[in-house]
Protein chains: 2
Amino acid sequence: MAAGAGVGRSTAARTLGGYGYVSPDVRERVLAAAERIGYRANALARSMSTGISNTIGVIVADIANPFFGGVVRGISDAAHARGYDTLVLSTNEKLPEEVAATNVLIDKRVDGIIVASAALDAASAAHFEQARDHGIPVVLVDRAVPGLELDAVVIDNRAAARDAVERLIAAGHRRIGFVWGPPVQERPRLRREMVDIAARNLWTDGERLQGYLDALDDEGIVFDADLVMVGEKVEENARVEVRQMLALTDPPTALFCTETDAMTGSLQALRDAGLRVATDVSMIGFDDSSWARVLEPPLTMIEQPMQALGTRAAEVLFGAIDGQEPSVELHTLETRFIERASVAPPSDR
Amino acid sequence: MAAGAGVGRSTAARTLGGYGYVSPDVRERVLAAAERIGYRANALARSMSTGISNTIGVIVADIANPFFGGVVRGISDAAHARGYDTLVLSTNEKLPEEVAATNVLIDKRVDGIIVASAALDAASAAHFEQARDHGIPVVLVDRAVPGLELDAVVIDNRAAARDAVERLIAAGHRRIGFVWGPPVQERPRLRREMVDIAARNLWTDGERLQGYLDALDDEGIVFDADLVMVGEKVEENARVEVRQMLALTDPPTALFCTETDAMTGSLQALRDAGLRVATDVSMIGFDDSSWARVLEPPLTMIEQPMQALGTRAAEVLFGAIDGQEPSVELHTLETRFIERASVAPPSDR
DNA sequence: CTGTTAGCGCGTTCAG
DNA sequence: CTGAACGCGCTAACAG
């Protein structure tokens, strides 16, 4: 490269790297030569010498999940605007894979990590300490990890769930099903057990379950374990569980669904039972999508600011990369309650 | 690090790097020391000396789009299985951004690139030559680029569209709308113009439009430009355009939607017009989702193997990385036609 | 089996 | 303003 323009290699490096002094004419010559031979500076070598990789790592459960897709989009847009690229790793919600992913990112010397962690408490989050020991800031997104001293960008799942369930109650419902419960085999009968289990599972799920319980408490409605789905968190199981709820002698008149697949599974169960949304069973779900608008009746939903979660997390991360003292706070973004037509007063079937 | 275990640095490197000979006891000692001080090998330095980054680059229009989310998941799973990580870049369907993304990947010395390109022809795909000049294999996914000598992993959009439209025709329809047409301002009146424009736009869109025309030809149905949506490819415009079609004196009795948002937009237009799916207007769309099953009636859809497109593209790429001669072929994956209940004989409103 | 040595391609002094 | 020399942390040959 240097030879191509008839200058020393460091002069070439200076013009291409955009640092130090270079006379205009030499500059032109170098640029022309670079263009001519299709020269591209080796970012790896640059990173080695500067210690900056201009890459951030993102760890999520599943990039194919539209929610994470939105979050990652927000992150990568913000990163791109600052000249950073994004390495995305999926963990299938498995902690060991999350640890491995973190190590990969440490090895590749990313400048920062954003993670929607599957860790339930600080004790199972030692891998983030590792990253920090290597000078790599970490910020959590979508999920906080209780006890972990890390910035986290989240929504208030508990409040959003509570609000939704309270609206159901305000419409007159007292038998409200909770779909996407704790992934346990045995259904906990006691309310206390339920809370314990919620606290020992995925943070978002636990918070939403708590919000549901909060709303019941506020209105003095007694908790019934039969109205909480348990088992594997997949659409088919939601369908099965809701079908069972609907067959109860005192079935739910409303359903609160904490995720898209919980909603579609529930909808299938309604159809299986020959029941209609709103008229027979009221529904509210998390994560709005354009489909929710075209159903008949259109679905009342809680919208999460997916991209904003990502961009905000990136901003916090870049703050740390720029050397700001980590504030270690919970950055809470607003959800939006979108009222449509899937909630009506209970019917007495 | 080396000092920590009391051995030479290359011995340490050998055990950690997993190459060359190391005696078991020394090996243990090194591993222990590494563990103790939380040592992690610098992958950047390794890449510099080996020329292998163990990273592949993926370029798509928008990682938040569930279709690309699925494709990327397939790619990253296959890559992960081979010890590679994935750098994902979104281009917003803009060619200049795609060129910039390619350059970033070249700079970072990725070992291969998979791209859903926005390029319409070989002439606008010089950036891939650049990558190849740097020894980086490129494989296309989701979209072929006519005239470009590159492997491409796609589905047969034209055949799938043709098949779907023929089924509509078989059900008795002769007025069939095409939703998600060419993004032009002025509606082309002539069939020939329409074909020309289709060929000059996004490959998948053009192929699907061709398939639509093929089906009409087969059955001797005369093409009517008024039944093809034009303008910006966003849900709201689909709604507007379909509303106009429905207001025609001889309106469509069936709609073929080439994408999710085209489908939801069309569904909104039907509702605006007080029309029902199947009973009043039959519908078939691309890209199945769990929502399509819970609509009433459930939607007949064409399912694309999103993840398989990704994994297959990765396999082809790794073949090239392993030094196989590029076969330069079109790898075509099967779509699945999912018959549900949104197609019925035409009604005479 | 192990230590030594020479690059990989940059950024960064430091003379000139 | 420009060129030469060194180091980033690792792999790859090569002696020992």
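So that the names make sense, note that chain A is the first sequence line, chain B the second, and so on, each numbered from 1.
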Quiz item: Between D/dT11, D/dG9, D/dC8, which nucleotide has the shortest distance from any of its atoms to the side chain of A/S49?
Solution: D/dC8
In whole Å, I'd like the distance from the [atom1] atom of [X] to the [atom2] atom of [N].
X      : N      : atom1 : atom2 : answer
B/L44  : C/dG11 : CG    : C1'   : 14 Å
A/I37  : C/dG9  : CD1   : C1'   : 14 Å
B/D107 : C/dC10 : CG    : P     : 10 Å
A/N42  : C/dC8  : CG    : C1'   : 8 Å
A/K108 : D/dC8  : NZ    : P     : 23 Å
B/M48  : C/dG7  : CE    : P     : 14 Å
B/R40  : D/dC10 : CZ    : C1'   : 15 Å

Practice problem: Would you please name every residue forming a side-chain hydrogen bond (donor to acceptor under 3.5 Å, both in side chains) with A/K108, sequence neighbours left out? | Solution: B/T55, B/D85
Quiz item: Got a sec: does the CD of B/E334 have more than 12 other heavy atoms crowding it under 6.0 Å?
Solution: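 No, because the 6.0 Å sphere around CD of B/E334 holds 12 heavy atoms or fewer from other groups.
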Quiz item: Between atom CZ of A/R143 and atom CD of A/E207, what is the distance when rounded to the nearest 0.5 Å?
Solution: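 A/R143 atom CZ to A/E207 atom CD measures 12.5 Å (nearest 0.5 Å).
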Name the atoms and distances for all side-chain donor-acceptor pairs under 3.5 Å in residues 119-135 of chain A, with sequence neighbours left out.
{"residue": "A/D121", "atom": "OD1", "partner": "A/A123", "partner atom": "N", "Å": "3.3"}
{"residue": "A/D121", "atom": "OD1", "partner": "A/S124", "partner atom": "N", "Å": "3.1"}
{"residue": "A/D121", "atom": "OD1", "partner": "A/S124", "partner atom": "OG", "Å": "2.9"}
{"residue": "A/S124", "atom": "OG", "partner": "A/D121", "partner atom": "O", "Å": "3.1"}
{"residue": "A/H127", "atom": "NE2", "partner": "A/E98", "partner atom": "OE2", "Å": "2.9"}
{"residue": "A/H134", "atom": "NE2", "partner": "B/G38", "partner atom": "O", "Å": "3.0"}

Quiz item: Heavy atoms under 4.0 Å, any strand shown: does A/A41 hit a base, just sugar-phosphate, or nothing?
Solution: sugar-phosphate
Practice problem: Return no unless some side-chain N or O of B/Y39 is found under 4.0 Å from OP1 or OP2 of D/dC10. | Solution: yes
